[in-house]
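Quick notes on the structure that follows.
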Amino acid sequence: MTRKSATPLPPSVQVRPKDRRRQTGLGRWLLANRVAPEGPEEGEAEAKTHAWWKVMTLTGVDYFSSLSYLPGIAAIAAGALSPLATLLIVALTLGGMLPMYRRVAKESPHGQGSVAMLERLLPFWRGKVFVLVLLGFVATSWIITITLSGADATVHLLENPYVPEFLSGQAVAVTIVLLLILGGVFLMGFNEAVNVAIPLVVLFLGLNAVVIGAGVLDMLADPALFAGWIDRLDAQHQTLLDALRTAAIAFPLLVLGLSGFETGVSMMPLVSAKGANPAERLLSRIRNSKKLLTTAALIMSVYLVGTSFVTTVLIPPAEFQEGGEASGRAVAYLAHELLGNGFGTVFDISSVLILWFAGASAMAGLINIVPRYLPAYGMAPEWSRAVRPVVLVYTGVSIIITLAFQADVNAQAGAYATGILAMMVSGSVAVTISAARKKQRLAAIGFTVLSLILAYALVFNIIEKPDGIAISAFFIVGIIVISLVSRISRTTELRVEAIEFDETARALIHEVLDAKAGLNIIANQRQAGDREEYLAKEAAQRGMNPVPFAANVLFLEVDVVDPSQFSRVLQVRGHTIEGFRVLRVESPAVPNALAAILIALRDSTGVRPHCYFEWAEGNPIAHLFRYLLLGTGDTAPVVREILRELETDAAKRPAIHVGG
């Protein structure tokens, strides 16, 4: 192929495989909205953003909806002491969880949460495997959040006195319908999800405030109610130690009401920000996200104390037990008792809607965090960056889980608790290590105490409900297996999005092109990197391969950095070493980098490159495993296979020569 033009080699060359498949209208619609890759501000700017308080409502449908069941859980676990146990949760919220996640928001501001913080502590494959395990817990907690919330919404719906008789016993079918509607909302886009969340949260909080107010007025009108609660306290707990012991036992069950924090930081890319440049916008997003977390924590703390107090004082203890009218719906029970069935039905509708849409918060978290990792590791196909296909996958998995558990809320509680608490422990450990490394002694001590508290809650839940860790293990193994299969199936992808050439590299390439002998490139695995090495390498290649006699050659060297990564922008730097022209680049894998650079040179210069190799010694199967794990191996055949899949026309394909 002759050179088409003498235009200078651009500093950056986009390298994208041509998709020869014609996309249908459905295909274009499915792949239209993509999750930005990890980190870059440019990618995040493409996403639709919203005011922080609007995003708070999307987080709040998960966080605030726990008011529907937490007061009842507290009453069963702590009895008359329920308000004290709730105060412990409030203290943990404001004194522990809020500072922790404000720090997570600052140190991991692109939506990856504590997972990204912990990933940086472990290099290479150790870090990737660790992240996959954490993502298993993330998938457990958030997918179970979707299915459990849908099932709980169904319970509230079917227990309303005005529900048609034909729905009785149809919990599974009703839950599946709710899940399908939820998936449909996300197929329309994030904007619609946020807009749906706002009125749901406002209505739910407003109705709860009315019930709390009515409960307080009822207690003021009948002082005997408060006196009866005091009598139950005296009968249940003789000493302060007894009271503290009961509260400590109830605490692990109530800590699930803190689940909204992790989804809050995962949705940071949706928070709007102002600033003249990316750095200023990032700081603005962090400030706004901290406002989101703080406001949500304060609102939830007030409502937790209020609902726990009025339900404990006003509802007979027997009604909280399984089969009682307040079981799983304490505040709703008061709404009917204090304000009539008309208001109670409105309250039930609000509870059903927010519990159903609590899955939206979990779905948003899954959409924002998982695609930021797995495609970058090569452990998921590129289409998994698109929002709509993954919504379909998550919705399908949720329906399967609903069928498996028959929409039973209690059967899913163990997995829900295990996943949520594992995420909280990972966050507390991450901020503890961060504070210790920055020599912030008081913060490190405080976060260490928080880690121990959350670890206690996690261990308690595992002991009480071991099925939770079993289900989490299923998700973890599933993610690892699917990821490895995807990684292997994508080994011959180009992987690279763009090649950036520095000024020296461009000058060296033009020197070779100006000699009119084409682009002749010798692939070299650098050893000493001195004149003797390049002299010997060139002589060897000229002896075993058809390097033109008059050609000036370029040496191309790839240094492997973190082979557990997958795709990235490659930066090619030029060096002149005692008359030898050398191009150097860092990449997770040698063959993919070489193929990408050859394609970039061909497309940008119009010259078909010739690249020269020698056969590697050793077992080819061993070389294959080295390539998969370490990014190196018998390079030449892999480079040729990547180029063959990318360019079907052999006459246009960069030429690969192998000798020895």
Side-chain angles (χ1 to χ4, degrees), residues 52-75 77-78 80-102 197-220 225-226 229 247 250-251 253-264 288-315 326 329-335 338-339 343 347 350-351 353-355 357-358 361 424:
W52 65 266
W53 63 270
K54 292 183 178 180
V55 181
M56 183 190 72
T57 62
L58 188 54
T59 302
V61 291
D62 175 21
Y63 193 21
F64 302 144
S65 67
S66 60
L67 293 170
S68 297
Y69 53 82
L70 268 182
I73 293 175
L81 204 63
S82 170
L84 176 58
T86 303
L87 284 174
L88 290 179
I89 291 295
V90 170
L92 179 68
T93 298
L94 301 180
M97 302 298 291
L98 180 58
M100 178 182 87
Y101 277 104
R102 283 172 62 93
I198 294 171
L200 290 183
V201 168
V202 171
L203 177 63
F204 182 74
L205 292 180
L207 294 175
N208 271 270
V210 172
V211 174
I212 293 171
V216 171
L217 291 176
D218 199 49
M219 284 186 284
L220 292 176
L225 294 171
F226 188 81
W229 173 59
F251 164 74
L253 301 175
L254 301 181
V255 77
L256 298 180
L258 304 175
S259 62
F261 280 107
E262 190 73 32
T263 50
N288 288 338
S289 298
K290 288 182 177 180
K291 293 177 185 177
L292 181 159
L293 296 170
T294 302
T295 304
L298 291 173
I299 291 173
M300 187 62 172
S301 296
V302 171
Y303 274 87
L304 267 179
V305 173
T307 54
S308 176
F309 182 65
V310 297
T311 54
T312 303
V313 173
L314 296 178
I315 298 177
R329 53 191 300 272
V331 184
Y333 172 87
L334 280 186
L338 299 178
L339 298 164
F343 179 88
F347 190 94
S350 174
S351 298
L353 290 175
I354 197 167
L355 282 166
F357 209 65
S361 181
M424 292 179 182

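Heavy-atom basis, side chains included; hydrogens, waters and symmetry copies ignored. Worth saying up front: this structure is predicted, and the values here are computed from it rather than measured.
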- Message: Quick check for you: to the nearest 0.5 Å, what is the distance between F64 atom CZ and I354 atom CD1?
- Response: 8.0 Å

- Item | Interatomic spacing from CG in L58 to CG in L200 - rounded to 0.5 Å | 10.5 Å

- Where M300 and Y63 come nearest, the two heavy atoms and their spacing: CE-O, 3.2 Å

- Query: Do any pairs count as a side chain to side chain donor-acceptor pair (under 3.5 Å) and have a residue in residues 294-306, sequence neighbours left out, and if so which ones?
  - Reply: R102-T294

- Task: Return the orientation label for the F347 and F204 ring planes: parallel under 30°, perpendicular over 60°, tilted otherwise.
- Result: tilted

- Are any of the side-chain heavy atoms of L207 and F343 separated by less than 4.5 Å? yes

- Task: Could you tell me whether the side chain of L314 reaches within less than 4.5 Å of the side chain of W229, counting heavy atoms only?
- Result: no

- Heavy-atom distance under 4.5 Å between the side chains of L98 and F261, does that happen here? yes

- Can you tell me how far the CG atom of L292 sits from the CG atom of N288, to the nearest 0.5 Å? 9.0 Å

- Query: Rounded to the nearest 0.5 Å, how far does CG of L92 lie from CG of L87?
  - Reply: 12.5 Å

- Heavy-atom donor-acceptor pair, T312 side chain to F309 backbone, under 3.5 Å: no

- Please tell me if the side chains of L334 and D218 come closer than 4.5 Å, counting only heavy atoms from C-beta onward. no

- Task: Taking all heavy atoms of A296 and all of M56, pick out the closest pair and write down the distance.
- Result: N-SD, 3.8 Å

- Item | Minimum-distance pair of heavy atoms, taken over all atoms of A358 and S65 | CB-OG, 3.6 Å

- Note on the structure: Output for pair (N208 CG, L203 CG), nearest 0.5 Å, gives 9.5 Å

- Message: Can you confirm whether V331 sits close enough to L67 that some side-chain heavy atom of one is under 4.5 Å from a side-chain heavy atom of the other?
- Response: no

- Do L94 and L298 come within less than 4.5 Å of each other through their side chains, counting heavy atoms only? yes

- Quick one: are V216 and L220 in side-chain contact, heavy atoms under 4.5 Å? yes

